[in-house]
Each structure stands twice: as structure tokens, then as C-alpha cells.
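Written below as C-alpha cells is the structure these notes are about.
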Amino acid sequence: MNDSTPPENVDGRSVDDWLKTLSSDGLDEVATARVAKKLKLDRTRRKPPKVLIVAGLVVAGATAAAAANGVLPRMFSAPETPPVATKTVRTKRPVPAPEPAIEVPEPDDTKLLHLALQKAEKGEWTAVVALLGAPIDPDSMLGPELIVVATPARIEL
Amino acid sequence: MTMISLDLNVAPSDANEVERPEPRVLYERYVSDVSRWLAHRTGPGAHVEDLTQEVFIIAFRRLADFRGDASLRTWLYGITFNVARNHRRKATRRRWFQRELPADVESPGPGAEKLASDRQEVQLVARALDRLKDRERSVLIAHVLDGMSGADIAAVHDAKVETVWVWLHRARKSLAVALKAEMEASR
């Protein structure tokens with residue numbers, strides 16, 4: 001069943017036409033964004049809290065120290081598809097060839113973490129830290145590996 | 001307007017197939033409709049922003065209770081309808097047709113005259129609409145301005161579709177009478 005109401009005319013115009021003078025477009029884009037912010041729907045644009053970054057670094061540092069002492073077994077495996085800007089630092093054991101991709105001047109856990117913290121404060125890294133605690137092959141000359149995965153400052157939650 | 005903290009991690013409370021989008025998706029999909037509906041029912045102004053926020057706060061809280069008896073859009077329309085009605089009750093003395101002319105049309109000229117004429121017409125229609133009973137005004141706005149179907153309006157008002165058409169017919173007659181009365185009064 002449809003609306004079969006005959007049009008009511010006033011001054012040569014239907015009442016529907018009169019009523020449509022009150023038509024509105026609603027909120028504009030700016031106001032829409034403002035309401036979204038009030039509703040906390042704009043979380044993807046936020047940086048992760050600093051406390052999260054620091055906590056990650058502390059955990060990584062403690063784990064790195066334990067791994068360097070040979071306390072921890074291998075707990076994490078490297079991802080099949082490495083994330084962007086992965087930097088691998090070999091610690092303790094000297095390596096025959098220099099690593100050109102390494103930005104850390106010395107393979108020292110403390111300095112590396114200090115550098116990561118500086119990067120995080122500048123917003124260059126958001127400090128996602130993972131760790132390989134033990135040598136991949138105990139018989140090889142590889143020592144514990146500390147992998148710092150650096151990402152752009154914006155993070156998708 | 002105070003900031004209200006919400007738990008936005010709304011998840012379906014049962015395993016049926018009812019569509020319950022994430023709050024952000026719900027907002028992006030319907031914010032235009034909701035704000036337009038609110039402006040039609042309460043008039044344009046800064047309050048539309050606050051009322052839009054209020055509608056979505058309620059929607060987010062109740063999303064888990066949505067059963068899919070009507071479409072998500074109709075469900076939101078029902079919330080909007082109630083929020084607008086409450087606002088209208090609270091602000092009976094604030095009539096949106098009393099708003100001031102924009103500052104950039106203060107100088108005389110053909111544009112300003114047209115805007116002033118339009119404003120007079122808008123004021124006349126708004127006053128006429130104000131003479132109608134709540135339900136008549138509601139169904140008329142819902143159908144003519146909001147573009148809601150008879151079934152949608154029936155769902156919001158918990159009535160039969162045939163009843164909605166009767167209401168609509170009476171509302172048009174009432175508005176015609178009210179418009180004529182307002183024209184007479186303004187001469």
C-alpha cells in the first residue's frame with residue numbers, strides 16, 4: 001500500500017513543497033569529525049602512549065640481558081615476512097664482515113636500547129621489540145640476537 | 001558538552017546473524033542521516049552536534065541489544081526520534097525560527113533580500129508546523145523530509161502501515177490549515 005493522499009495546496013504549492021523549505025543537510029565534515037572525536041572514534045590517529053614504549057624497552061632490555069647470559073632459550077622465531085625496517089644486531093661475538101644496514105654504532109644492548117628510546121621520543125620509532133634469546137645453532141659462532149623492529153611513528157591499533 | 005568515556009568494544013551478545021557493525025563503521029555510515037533527521041526535527045544549529053553525539057552514545061550502548069527486527073537505519077531513526085522529542089520538550093521556548101540572520105547578509109542587496117524572504121518563508125512554515133499535534137508533525141517530517149517509508153514510520157511508532165497513511169493524510173490537511181492561518185496572521 002502506498003501513500004495515496006491527494007496533495008493539499010496552499011497558495012499554489014503543495015504542503016509537501018512548503019515543508020521542504022525546512023530541509024537540511026545536517027552536519028558538515030568539520031562538525032562530523034568533531035563529534036567523532038568526542039565519541040573517541042578517532043583512535044587510529046593517536047600515537048601509542050609513551051608508557052607502552054618505555055615498558056616495551058624495559059622488557060626487551062631485561063630479556064636481552066638474560067639472553068646474553070644464556071639464561072633464556074629461544075622464545076621467538078623470526079617472522080616469515082619481516083616487517084619494514086628490520087634491523088638485526090649481532091651482539092657479543094665479532095662478525096667477519098661489517099653490517100652496513102646497522103645504524104647502531106656498537107653492538108651493545110644498552111646503547112641500542114638507548115638509541116631506540118631516543119628514536120621513540122622523537123616519534124621516529126614506535127618501539128616494537130622482539131628478541132631471540134639464544135643462539136640459533138649452539139655450535140655456530142652466532143651469539144644472541146637482538147632484533148629491534150622499527151616502525152613509522154603512526155601505529156594502527 | 002562534557003566528554004563521555006565509552007567502552008567502544010561492542011560485540012554481539014549472541015551468535016545469530018544480525019548485523020552489528022563496529023561503532024566507527026556505524027557512525028560513518030549513518031552520521032549524515034542522523035544529523036539531518038535531527039535538524040529537521042529540532043531546527044538547524046549548534047545543538048544538532050550535541051544531539052548527534054547523544055544519539056550515537058545511546059546507539060553504541062544498545063548495539064548489543066539490536067535484534068534486527070527492523071533495519072539498522074530504522075533502529076537508529078527510532079533513537080533519533082526519541083532524542084529529538086526529548087530535546088523539543090526541554091526547549092519548548094527555544095524556537096529555531098527565531099534565529100538571527102547570518103552576519104554576511106546585513107548589507108542590503110538582492111542576495112540579502114532573497115535570504116530574508118527565504119527566512120520569512122521558513123519561519124512561516126515552521127510556525128505552521130508547530131501548530132500540529134506531535135504525531136502529525138512527526139510523520140509528516142519523517143515521510144516528506146526524512147524520506148522514511150511507511151513501514152519504517154510504522155515500526156518506529158509501533159503502528160500498522162495503513163494507520164501511518166491515515167496519520168499522514170490528516171497531517172497534510174492540518175498543515176494546510178495551519179499554513180493558511182499563518183499567512184493570514186502575517187498579512
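Below, chain A is the first sequence line, B the second, and so on; all start at residue 1. The figures here come from the full heavy-atom set of this structure, side chains too, leaving out hydrogens, waters and symmetry mates.
Neither the backbone nor the side chain of Leu38(B) comes within less than 4.5 Å of any heavy atom in chain A. Interface remark: Val31(B) contributes side-chain atoms only to the contact with chain A (heavy atom separation under 4.5 Å). If you measure heavy-atom distances from Asp11(A) to chain B, the contacts under 4.5 Å come from the side chain alone.
Taking the side-chain contact (heavy atoms from CB on, under 4.5 Å) definition, one finds that Asn82(B) meets it with Arg85(B), sequence neighbours left out. Qualifying salt bridge (charged side-chain N to carboxylate O under 4.0 Å, His left out) partners for Arg29(B), counting only residues two or more places apart in sequence or in other chains: Glu19(B). Considering only residues two or more places apart in sequence or on other chains, Val164(B) meets the side-chain contact (heavy atoms from CB on, under 4.5 Å) condition with Ile153(B), Ala154(B), Trp167(B).
Contact annotation for residues 174-183 of chain B against chain A (heavy-atom separation below 4.5 Å, listed by residue number): Leu175(B), Ala176(B), Leu179(B), Lys180(B), Met183(B).
Annotation for Arg41(B) and Ala84(B): closest pair CB-CB, 3.9 Å, computed over non-hydrogen atoms. Scanning both residues, His157(B) and Ser138(B), for their nearest heavy atoms gives NE2-OG, 3.4 Å.
Around the CZ atom of Arg73(B), the shell of radius 6.0 Å holds more than 12 heavy atoms that belong to other residues, nucleotides or ligands.
His47(B) and His87(B) have parallel rings, their planes meeting at less than 30° on a 0 to 90° scale where 60° marks the start of perpendicular.
Between chain A and the options Val125(B), Ile141(B), Val48(B), heavy-atom pairs under 4.5 Å are most frequent for Val125(B). With respect to chain A, the highest number of heavy-atom pairs below 4.5 Å among Glu28(B), Arg36(B), Glu49(B) belongs to Glu49(B).
With Trp18(A) contributing its side chain and Val10(A) its backbone, the two residues share a donor-acceptor pair below 3.5 Å.
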